[in-house]
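Comments concern the structure below.
Quick caveat, the model's predicted, so the values are computed rather than measured. The basis for the numbers below is simple: all heavy atoms, side chains too, and nothing from hydrogens, waters or symmetry mates. The chains referred to below are lettered A, B, ... by the order of the sequence lines, with proteins before strands, and numbering in each begins at 1.
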Number of protein chains: 2
Amino acid sequence: MPPTTPYLAVDLERMQVNIARVADAASARGLALRPHAKTHKTIEIGRMQVAAGAHGLTVATIGEAEVFAAAGLDDLCIAYPLWIDPPRAARLSALAARGAAISIGVDSVAAVERVARAGLAGRIAVRVEVDAGHHRSGCAPTEAGAVAAAAVQAGIEVEGVFAFPGHAYAPGARAEAARQEAEALTVAVHSMRAAGATPLVVSGGSTPSFAAALEIDSPVTELRPGVTVFGDAQQWELGAMDAAEIALTAHATVVSHAGGRLVLDAGSKVLGPDRAPWATGHGRLLDHPDARIVQLSEHHAVAELGEGDALPPLGATVRLVPNHVCMAVNLVDELHVFDRAGDVEPSATWRVAARGRNS
Amino acid sequence: MPPTTPYLAVDLERMQVNIARVADAASARGLALRPHAKTHKTIEIGRMQVAAGAHGLTVATIGEAEVFAAAGLDDLCIAYPLWIDPPRAARLSALAARGAAISIGVDSVAAVERVARAGLAGRIAVRVEVDAGHHRSGCAPTEAGAVAAAAVQAGIEVEGVFAFPGHAYAPGARAEAARQEAEALTVAVHSMRAAGATPLVVSGGSTPSFAAALEIDSPVTELRPGVTVFGDAQQWELGAMDAAEIALTAHATVVSHAGGRLVLDAGSKVLGPDRAPWATGHGRLLDHPDARIVQLSEHHAVAELGEGDALPPLGATVRLVPNHVCMAVNLVDELHVFDRAGDVEPSATWRVAARGRNS
């Protein structure tokens, strides 16, 4: 029997192709790859990424780092400007003590001082986060030198510099975001060198900007895409990935034809409620490219099909593509793995081991 | 030590006031109360609601029903148009066999036939779901009789009829949605009586329409509000609840002042990414009513404060109000309970026992 809907299904064959494609593309340009594991939070997938050539993994939280390190995936960048307090310092020290190579983000001199005061110099490294136009965290590229110098002064290893071009998540913005990222990192590298802290790693990349980042003149030495492993409706709509590359879907049952529409038992508690202003719906149907989820609540998705597309019958199973796959994965305890599309029985069940590890 | 941010904190005193207020309001009108437990998914809170007078709980899935029934909270309405297959039938039968009183939603004759064919007649009851203007699931009110008659014919107990006026989730729409709900349920009751199936329970209600539903002439005998237990930024902005009633917040640390704004370590993976078109932001700050979360990613919330409101310092803890509390609760394994606002140490930790029970 297949699992009871709704559940998340991984198309193993497609996912392996995605992993290899990204690894090969980075390697062909001589770039290191450090995929962001917040997308999948799954040990089995992290191992496949490293086996395919990733130099390590990126994570967002200490909790994610603990889960992956415990499984031996212990070359980890926590790409986040952590504010260090004694409990966080103790957890990072424990990771270092068991041999994990950990770097964390810093975007201010004050944050560097917290790392130093907590006694983490010599145990973990830092990467300076700079803002490349997304305007979230990250110091101005011209300030990277001052932040790095504070770390050097405190005896903290400065491993590198990183940016996240999240403003690539908009129609037509991918190439320009990659260009701005390259420019910001160039300025940051100059600033750091002038301050006596040469970054070994210059890290960038998001899934939408990944292809463009490979093509342009840039100081980048490492890329950190996350969503490339699965794809989702956002990448499909941005043109960053094709429908044929989507390797994770939510399998849902048609429970009602109320109002002549398709009512499905997968809601925002399995798909995630993300909807960017430019998204064409709350998610899509992999086998009905003209369909859109037009209404989404916690346990219902209401879909409208394209003209002439017949409503799947009551009780049928359909494959939904979440808008943002990272949110969907974080809502479930397990991923059901199908060796290839069309298989009825999963061949394996993987635990989403780092689900909910927000701190 | 308080927990490491980000975490969800319950203000116990406020929550108890909320539970009592809603129970008393329903009781004063002679209405039964069956709070929707999908909001909290927590045994301890379900018990408090029943102790305060709730006649049972509403849930959205069989999985939620299993969790609450196992804790002895076994008078349950699954307010969802389940499509019954053999595994679902076996689980419902098992619940009935251990003495749970279970009703499920049906919105078509075909769905009733599935219940009958699965051998569930005499084990569970059904409630006919009608559409009161939200246009999600639910048959037309005039069709309720045909659906109920099919159940009677098959020997299935028809416990009642229900609607969910989800279109109350819009500015200025609360009273009109309650009025439409009353009208739809009136039509449905007539349709069912004409078909020989008198509904004992006529159930309605959402949090935004709750107050209005108490005031109007209506056939409603039972209400099913969910969010009233905690409140959230949506209810605050709709005017359905006050800031002073909000009993659940996400505690977050200020990790950066990048761009002169507040960058906090609570992102969409703890707040939930819900943002209705009419919401003024991605969430709010309980102690800074003029502030808005203007940018939200998985682990960052960027907030802008009101004019003249000083930025809390780096490392400070602030209290965030999620837009939609049901999504936030479903993202965490535990709720940290503070006896009253201002307490630094939680007095208890409650497990979100039905988290992720989507099927």
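Counting only heavy atoms from C-beta outward, the side chains of B:Arg91 and A:Thr4 approach each other to under 4.5 Å. With a 4.5 Å cut-off on side-chain heavy atoms, A:Arg355 and B:Asp333 count as touching. With contacts defined as side-chain heavy-atom distances shorter than 4.5 Å, the pair A:His324/B:Pro273 does not qualify. For the pair A:His300/B:His134, no side-chain contact is recorded, criterion being any heavy-atom separation below 4.5 Å from C-beta on. Within the 4.5 Å cutoff, the side chain of B:Val255 has heavy atoms near those of the A:Tyr80 side chain.
Interface remark: of the candidates A:Arg114, A:Lys38, A:Arg136, A:Glu129, A:Arg136 forms the most heavy-atom pairs closer than 4.5 Å to chain B. Per-residue heavy-atom pair counts under 4.5 Å with chain A were compared for B:Thr5, B:Thr61, B:Val263, and the maximum is reached by B:Thr5. Of the residues considered (A:Met1, A:Glu143, A:Glu298), A:Glu298 shows the highest number of contacts with chain B, using heavy-atom pairs under 4.5 Å. Comparing B:Asp265, B:Asp85, B:Val332 by how many heavy-atom pairs each has under 4.5 Å with chain A, the most go to B:Asp265. Per-residue heavy-atom pair counts under 4.5 Å with chain B were compared for A:Gly315, A:Ala60, A:Gly356, and the maximum is reached by A:Gly315. Among A:Ala266, A:Ser108, A:Ser359, the residue making the largest number of heavy-atom pairs under 4.5 Å with chain B is A:Ser359.
When heavy atoms are compared at a cutoff of 4.5 Å, B:Pro81 approaches chain A by way of both its backbone and its side chain. Heavy atoms closer than 4.5 Å to chain B are found in the side chain of A:Ala110, but not in its backbone. Both the backbone and the side chain of B:Cys326 come within less than 4.5 Å of a heavy atom of chain A. In this structure, chain A has a heavy atom under 4.5 Å from the side chain of B:Val302, while its backbone stays farther away. Using a 4.5 Å cut-off between heavy atoms, B:Arg88 touches chain A through its side chain atoms alone. B:Leu262 does not touch chain A: none of its heavy atoms, backbone or side chain, sits under 4.5 Å away. For B:Val270, the parts sitting under 4.5 Å from any heavy atom of chain A are the backbone and the side chain alike. For B:His282, no part lies under 4.5 angstrom from a heavy atom of chain A. When heavy atoms are compared at a cutoff of 4.5 Å, B:Asp274 approaches chain A by way of both its backbone and its side chain.
The main-chain N or O of A:His135 is found under 3.5 Å from a side-chain atom of B:Arg261 such that the two form a donor-acceptor pair.
Atom CG of A:Asn358 sits about 9.0 Å away from atom OG of B:Ser268, to the nearest 0.5 Å. Atom NZ of B:Lys269 and atom NZ of A:Lys41 lie 4.5 Å apart (nearest 0.5 Å).
The two residues B:Ala258 and A:Asp107 come nearest to each other via the heavy atoms CB-OD2, 4.1 Å. Contact detail for B:Trp83 and A:Leu314: the closest heavy-atom pair is CH2-CB, 3.4 Å.
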